[in-house]
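Nothing fancy with the numbering, it's 1 onward along the sequence.
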Amino acid sequence: MADLSIFWIILAAALATYATRIGGYVLITRMRTLPPRLEQALNAVPAAVLTTLWAPAFFTGGWDVRLALITAALVSLRYPPLIMLAAGWAAALAARHFFGL
């Protein structure tokens, strides 16, 4: 019985996710021009998503995670994403190896 209720919960979540995604797409494509406030809000989305991914790891992770995030953030100011990812990974690896974190 529990498996069936979990199935319905997953199905409802999938439908809600699909409806919000397709609804936003349909709404935006029907508009001839975007209102300035909507355009500003859409431009702020990448920074908001990055913050929601970065902040919890930084504040709840150990020093190795913090060092990796700071290193990746600094490297990302100058280099492409793949190098930034490698630098953050190397910083975490080094912190764990040398400092036992």
_Give me the atom names and distance for the closest heavy-atom approach of Val75 to Ala87._
CG2-CB, 3.7 Å
*asked:* Applying side-chain contact (heavy atoms from CB on, under 4.5 Å), can you list everything that pairs with Val45, at least two apart in sequence or on another chain?
replied: Val49
*With Trp89 via ring-ring contact (aromatic ring centres under 6.0 Å, His included) - residues at least two apart*: none
*asked:* Which residues pass the ring-ring contact (aromatic ring centres under 6.0 Å, His included) test with Tyr79, not counting sequence neighbours?
replied: none
Ignoring hydrogens and angles, write down the donor-acceptor pairs under 3.5 Å from the side chains of residues 31-43, residues two or more places apart or on other chains.
unit_1	atom_1	unit_2	atom_2	d
Asn43	ND2	Glu39	O	3.2

Nearest-0.5 Å distance that lies between atom [atom1] in [X] and atom [atom2] in [Y]:
| X | Y | atom1 | atom2 | value |
| --- | --- | --- | --- | --- |
| Asp3 | Trp8 | CG | CH2 | 14.0 Å |
| Ile9 | Leu4 | CD1 | CG | 10.0 Å |
| Leu85 | Ser76 | CG | OG | 11.5 Å |

Hey, can you pull the donor-acceptor pairs under 3.5 Å for the side chains in residues 18-29, sequence neighbours left out?
unit_1	atom_1	unit_2	atom_2	d
Thr20	OG1	Ala16	O	3.2
Thr20	OG1	Thr17	O	2.9
Thr29	OG1	Tyr25	O	3.0
Thr29	OG1	Val26	O	3.0

Using atom types as modelled, flag every donor-acceptor pair under 3.5 Å from a side chain in residues 66-73 to any protein atom, sequence neighbours excluded.
unit_1	atom_1	unit_2	atom_2	d
Arg66	NE	Phe58	O	2.8
Thr71	OG1	Leu67	O	2.7

*Would one find more than 12 heavy atoms of other residues, nucleotides or ligands at under 6.0 Å from atom CG of Leu77?*
yes
